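Because the structure is a prediction, the values reported are computed rather than measured. The chain is numbered in sequence order, starting from 1. All ligand and atom numbering here is 1-based and tracks the order in the structure. Side chains included, hydrogens not; waters and symmetry mates left out as well; all remaining heavy atoms used.
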Amino acid sequence: MSDIRSVHTHCPYCALQCGTRLTVERSGVAVSPSDFPTNRGGLCQKGWTAPALLETPERLRHPLVRGTDGELTPVSWGVALQTVATGLQRIAGESGPEATAVFGGGGLTNEKAYLLGKFARVALGTSQIDYNGRFCMSAAASAGTAAFGLDRGLPFPVTDLARAGTILLAGANPAETMPPLMQHLTRAELIVIDPRRTATAEAAALHLQPAPGTDLALALGLLHIAVTEGRYQADYVHERTTGFDTAWTRAVSWWPERAEHVTGVPVAAQRQAVRMLAESERSYVLTGRGAEQHSTGADTVGGFINLALALGLPGIEGSGYGCLTGQGNGQGGREHGQKADQLPGYRLITDPATREHVADVWGVLPGTLPGPGRSASELLAALGTEGGPRALLVFGSNPVLSAPDSAAIAERLADLDLLVVADFVPSETARMADVVLPVTQWAEEEGTLTNLEGRLLRRRRLLTPPKHARSDLHVLQGLATRLGQPAGRFPTSPREVFDELRRASAGGAADYSGISYERLDAGEALHWPCPAPTVPDTAESDTAGMVAHPGTPRLFLDGFAHPDGRARFQEVEHRGPAETTDTRFPLWATTGRLPAQYQTGAQTRRVPDLTEAAPEAFVQVHPDTAQRCGLDEGLFARISSARSSAVARVYLDSSLRTDTVFLPFHFPDGARANLLTQPARDPRSGMPEFKVSAVRLEAVPEVSA
Ligand SMILES: Nc1nc2c(c(=O)[nH]1)N[C@H]1C(S)=C(S)[C@@H](COP(=O)(O)OP(=O)(O)OC[C@H]3O[C@@H](n4cnc5c(=O)[nH]c(N)nc54)[C@H](O)[C@@H]3O)O[C@H]1N2
Ligand SMILES: Nc1nc2c(c(=O)[nH]1)N[C@H]1C(S)=C(S)[C@@H](COP(=O)(O)OP(=O)(O)OC[C@H]3O[C@@H](n4cnc5c(=O)[nH]c(N)nc54)[C@H](O)[C@@H]3O)O[C@H]1N2
Ligand code: SF4
Ligand SMILES: [Mo]
């Protein structure tokens with residue numbers, strides 16, 4: 001351990017990025033919440049127990065290479081990196097650079113995400129890079145960009161929510177997924193749209209309980225009511241938006257009774273929701289994964305944005321639309337080039353000016369940069385197939401559990417010639433790898449993350465990493481140099497990478513060029529865009545005596561980011577899930593999260609207190625449905641879809657819809673919720689249909705309790 005005894009940093013998990021103080025004590029690392037605006041002294045159980053992962057006995061401590069006996073065997077770093085480089089060169093030599101691919105994650109720091117994108121485009125020369133944020137934020141990102149010309153999850157600080165009168169939460173369950181956020185929602189009356197009666201719905205003044213996959217019909221119905229009851233803001237719509245008439249041609253036929261018929265939400269409740277939003281002085285519409293993770297995800301978010309625009313909310317201080325970003329760096333992770341179609345600064349890889357600017361920063365010719373690649377689930381589905389990638393490097397994701405139709409994805413991974421996983425724990429994906437690279441964890445490294453409000457934060461190092469763990473930045477440099485790149489092109493110092501990122505992002509939508517470690521360490525609250533006072537040629541340019549940009553906590557107050565300054569209504573029509581229920585698969589299965597587990601559980605299933613709180617998978621079922629299927633509390637059920645089956649213990653809940661069951665997606669092996677989910681994805685964003693699959697339930701006598 002180093003001699004630094006205490007640091008201010010942030011929780012390693014979700015996008016709320018609660019502020020924490022970490023201290024080295026005799027008994028180990030202690031965490032306490034700090035008075036940071038998002039958490040103001042609060043932490044959830046995952047945050048309180050986060051240090052346990054630093055000391056897990058299952059920590060990866062050596063690079064591993066799969067030997068001729070099929071076992072993963074410890075080797076030196078030199079051997080591991082050379083094995084990867086030789087494999088990549090052989091595959092690229094035989095099949096071209098496009099046969100090598102990279103899969104990143106929204107938990108990676110900005111520096112890692114940036115260098116990973118550069119590594120793929122420059123060191124590998126491949127277009128085949130995407131990341132797990134495609135499973136998380138992509139639908140809202142597409143809809144937000146279309147509507148506002150810019151996508152930043154929350155275009156305002158979370159503390160603004162504390163003054164709201166009404167907040168609509170469409171498919172978000174922050175009471176369980178971001179508990180400290182709830183302290184900002186106590187003044188507002190909440191309207192919660194969720195097929196389940198969650199802890200958030202319990203706290204709501206109004207709970208709308210639609211069938212999974214029908215949110216777009218509901219959003220159209222709410223817009224219909226807003227207009228026909230004269231609650232829409234004609235002046236705002238006229239002055240600040242375009243496209244209302246076209247959007248209305250769709251919503252006009254969604255009279256409330258029709259919306260009730262499709263969604264199951266009573267007309268009176270629909271009217272009440274619109275009344276609450278329209279009559280309160282400050283209102284917000286927020287979406288979460290429940291509304292977004294559908295093959296209609298971007299259109300559904302578009303439907304909710306249309307409602308917000310009709311009510312005159314976005315771009316007005318004290319009201320607005322926002323999406324609750326999920327992963328620790330879910331916001332920053334989507335801005336710096338991990339996305340198949342983007343380069344740093346949140347700019348399109350197809351834009352010639354962007355290519356020229358970024359190529360210049362990278363010291364390469366624009367023509368050498370590849371074009372756009374496949375989106376995450378397309379990429380995973382193509383692995384090992386004719387014309388698809390033969391090698392994959394994974395940094396910061398566990399797709400064996402998190403990808404849709406995961407049995408098929410595991411087969412694709414098994415068909416690769418080379419699977420390389422960088423992680424600090426033996427995730428289910430790492431266990432399949434040919435080479436495993438042990439990396440540092442949050443408290444052992446420096447960097448920056450961008451939280452759900454677009455605010456830059458500093459991750460700080462408390463501990464010296466275990467002897468053989470290297471940072472992801474070191475790993476990328478080690479590979480790049482073995483692939484013939486100059487070492488200086490892949491710096492290992494986070495600060496140096498950040499300074500390069502600033503220059504690469506300059507002039508982009510997510511402009512970080514005016515942000516520095518120094519400003520962040522001085523405690524400045526910097527939300528992007530934050531341009532440097534001049535176009536920066538050097539890292540020092542903002543210290544040249546010019547007034548520093550203060551950052552942008554609130555976007556759109558003076559106009560939206562489209563060239564005409566107006567927000568755009570989107571023409572959206574309800575089309576329902578990609579598969580329907582039938583006699584074979586008569587129920588809807590939806591999926592989501594438990595308070596005590598994070599994502600695929602690769603991290604949190606290794607924390608004893610969390611395993612105790614949420615030890616195993618279950619399927620939540622209405623008692624009437626359970627009875628019809630011959631099931632009872634505590635028995636095991638086989639849940640089958642047209643893809644595959646999962647087995648989980650039955651948990652009865654009479655507040656659930658009788659046509660819907662729910663599974664958390666945190667658990668491995670035969671309890672994987674993603675064994676059931678569909679490969680269908682949203683044509684606009686690439687978002688998979690995680691939140692709705694047609695299933696049936698049967699008792700499994702042999703494993704009953
Ligand atoms: N404890 C915990 N917290 C987390 C995470 C975690 O894994 N565990 N992950 C983090 C990440 S990456 C993310 S993205 C966020 C996600 O945060 P949330 O979006 O709050 O989480 P989910 O549980 O995926 O989905 C929210 C709700 O959507 C509902 N839902 C399901 N289907 C539908 C539907 O068709 N329509 C509607 N309206 N609702 C539906 C579910 O019942 C669920 O209660 O949480 C972050 N925080
Ligand atoms: N059915 C269903 N499936 C879903 C969802 C759902 O609601 N339902 N939600 C989707 C969503 S919103 C998300 S965000 C995804 C999450 O899906 P994943 O990203 O696959 O889930 P994680 O468990 O967060 O996996 C991250 C892995 O990276 C490792 N890791 C963490 N930090 C670092 C780092 O800095 N460097 C490296 N090299 N490794 C690191 C962790 O140990 C872990 O093994 O799942 C998606 N899948
Ligand atoms: S809410 Fe998110 S950031 Fe805060 S302690 Fe929990 S997991 Fe960590
Ligand atoms: Mo997420």
Side-chain angles (χ1 to χ4, degrees), residues 10-20 31 33 36 38-39 42-50 53 60 103-109 112-113 116 131-138 171 174 176-182 288-290 292-293 324-330 333 376-377 393-406 421-430 437-442 445 447 451-452 459 471-473 475 589-593 595 597-606 663-666 672-677 687-691 693:
H10 295 268
C11 174
Y13 299 120
C14 87
L16 200 59
Q17 281 297 296
C18 295
T20 57
V31 65
F36 188 71
T38 62
N39 61 309
L43 287 181
C44 78
Q45 196 183 2
K46 300 188 303 300
W48 278 112
T49 55
L53 194 66
L60 291 171
F103 199 81
L108 301 178
T109 59
K112 296 176 184 189
L116 194 63
Y131 80 124
N132 69 11
R134 195 67 75 167
F135 300 162
C136 182
M137 301 308 310
S138 61
E176 294 181 291
T177 53
M178 293 185 183
L181 181 72
M182 294 304 281
R289 301 308 84 73
E292 298 165 10
Q293 289 174 324
L324 295 168
T325 296
Q327 298 179 82
N329 197 29
S377 50
L393 311 184
V394 180
F395 284 78
S397 185
N398 186 17
V400 171
L401 262 69
S402 60
D405 193 9
S406 57
V421 176
D423 208 314
F424 40 76
V425 288
S427 72
E428 288 69 17
T429 308
L437 304 171
V439 294
T440 51
Q441 288 195 50
W442 56 292
E445 59 190 27
N451 78 355
L452 77 173
R459 170 178 282 188
S471 79
D472 293 285
L473 301 181
V475 173
T590 190
T591 61
R593 293 162 164 83
Q597 294 289 350
Y598 189 67
Q599 317 279 54
T600 69
Q603 298 172 81
T604 47
R605 282 184 280 111
R606 296 184 161 86
L663 294 99
F665 81 104
H666 311 296
R672 272 179 290 168
N674 278 320
L675 290 168
L676 307 172
T677 50
M687 173 65 86
E689 185 107 291
F690 284 127
K691 289 292 195 262
S693 319

Legend entry - Distance from atom 42 (O) of ligand 2 to nearest protein heavy atom, with residue and atom: Asp423 OD1, 2.7 Å
Inset, instruction - For ligand 2, indicate whether the residue Gln441 contacts it via side chain, backbone, both or neither (heavy-atom separation under 4.0 Å). - result: neither
Inset, instruction - Tell me, please, if Cys11 has any N/O/S atom, main chain or side chain, under 2.8 Å from atom 8 (Fe) of ligand 3? - result: yes
Inset, instruction - Starting from atom 8 (N) of ligand 2, find the nearest protein heavy-atom neighbour and note its residue, name and distance. - result: Thr591 OG1, 2.9 Å
Inset, instruction - Return the residue, atom name and 0.1 Å-rounded distance of the protein heavy atom closest to atom 1 (S) of ligand 3. - result: Pro180 CD, 3.5 Å
Inset, instruction - Without swapping roles, check the side chain of Arg289 against the backbone of Lys691 for a donor-acceptor pair under 3.5 Å. - result: no
Inset, instruction - For Asn39 and ligand 3, answer yes if some heavy atom of the residue is under 4.0 Å from a ligand atom, otherwise no. - result: no
Inset, instruction - Tell me which protein heavy atom sits closest to atom 32 (N) of ligand 2, plus the residue, atom name and distance to 0.1 Å. - result: Phe424 CE2, 3.6 Å
Inset, instruction - Among all protein heavy atoms, pick out the one at the shortest distance from atom 2 (Fe) of ligand 3; state its residue, atom name and that distance to 0.1 Å. - result: Cys14 SG, 2.3 Å
Inset, instruction - Would you mind checking which non-hydrogen protein atom is closest to atom 6 (Fe) of ligand 3, with the distance to 0.1 Å? - result: Cys44 SG, 2.3 Å
Inset, instruction - Indicate yes or no: does an N/O atom of Arg289 lie under 3.5 Å from an N/O atom of ligand 2? - result: no
Legend entry - Enumerated ligand 3 atoms positioned under 4.0 Å from heavy atoms of Gly47: 5 (S)
Legend entry - Heteroatom proximity flag, Ser397 to ligand 2, N/O under 3.5 Å: yes
Inset, instruction - Please work out whether the ring planes of Phe103 and Phe135 are parallel, tilted or perpendicular, with thresholds of 30° and 60°. - result: tilted
Inset, instruction - Report the part of Pro12 in contact with ligand 3, treating N, CA, C, O as backbone and CB onward as side chain, heavy atoms under 4.0 Å; options are side chain, backbone, both, neither. - result: neither
Legend entry - Numbering as shown, the atoms of ligand 2 that approach Asn132 to under 4.0 Å (heavy-atom distance): 18 (P), 19 (O)
Inset, instruction - Select one of side chain, backbone, both or neither to describe which atoms of Thr600 lie under 4.0 Å from any atom of ligand 2, heavy atoms only. - result: both
Legend entry - Within-shell test, Met137 vs ligand 2, heavy atom, strictly < 4.0 Å: no
Inset, instruction - Check whether any N or O atom of Glu445, backbone or side chain, sits under 3.5 Å from an N or O atom of ligand 2, and answer yes or no. - result: no
Legend entry - ligand 2 N/O within reach of Lys112 N/O, cut-off under 3.5 Å: yes
Inset, instruction - Using a strict cut-off of 4.0 Å, indicate which atoms of ligand 3 neighbour a heavy atom of Lys46. - result: 7 (S)
Inset, instruction - Could you tell me the separation between the OH atom of Tyr13 and the OG1 atom of Thr49, rounded to the nearest 0.5 Å? - result: 5.5 Å
Legend entry - Proximity of Asp472 to ligand 2 by residue part, where a heavy atom lies under 4.0 Å: side chain
Inset, instruction - Could you say whether the N/O atoms of Ser402 and ligand 2 ever approach to under 3.5 Å? - result: yes
Legend entry - For Val439, atoms of ligand 2 separated by under 4.0 Å from a heavy atom: 37 (C), 38 (N)
Inset, instruction - Using distance alone, determine whether Ala422 and ligand 2 share an N or O pair under 3.5 Å. - result: yes
Legend entry - Heavy atom of the protein closest to atom 16 (C) of ligand 2 (residue, atom name, distance): Gln599 NE2, 3.6 Å
Inset, instruction - Could you tell me which atoms of ligand 2, counted from 1 in the order shown, lie closer than 4.0 angstrom to a heavy atom of Val425? - result: 42 (O)
Legend entry - Polar contact flag, side-chain donor to acceptor under 3.5 angstrom, Ser471-Glu445: no
Inset, instruction - Considering heavy atoms of the protein only, find what lies nearest to atom 4 (Fe) of ligand 3 and give residue, atom and distance to 0.1 Å. - result: Cys18 SG, 2.3 Å
Legend entry - Proximal ligand 2 atoms for Gln603, defined as those under 4.0 Å from one of its heavy atoms: 41 (C), 42 (O)
Inset, instruction - Number the atoms of ligand 3 from 1 as they appear, then name those within less than 4.0 Å of a heavy atom of Tyr13, with their elements. - result: 7 (S)
Legend entry - Location of contacts on His10 toward ligand 3, heavy atoms closer than 4.0 Å: neither
Legend entry - Asn674 N/O under 3.5 Å from ligand 2 N/O: yes
Legend entry - Nearest-0.5 Å distance, CG of residue Asn674 to CZ of residue Phe690: 5.0 Å
Legend entry - Between Gln599 and Asn132: side-chain donor-acceptor atoms closer than 3.5 Å: no
Legend entry - atom 11 (C) of ligand 2: the protein heavy-atom neighbour that sits closest, reported with distance to 0.1 Å: Arg593 NH2, 3.3 Å
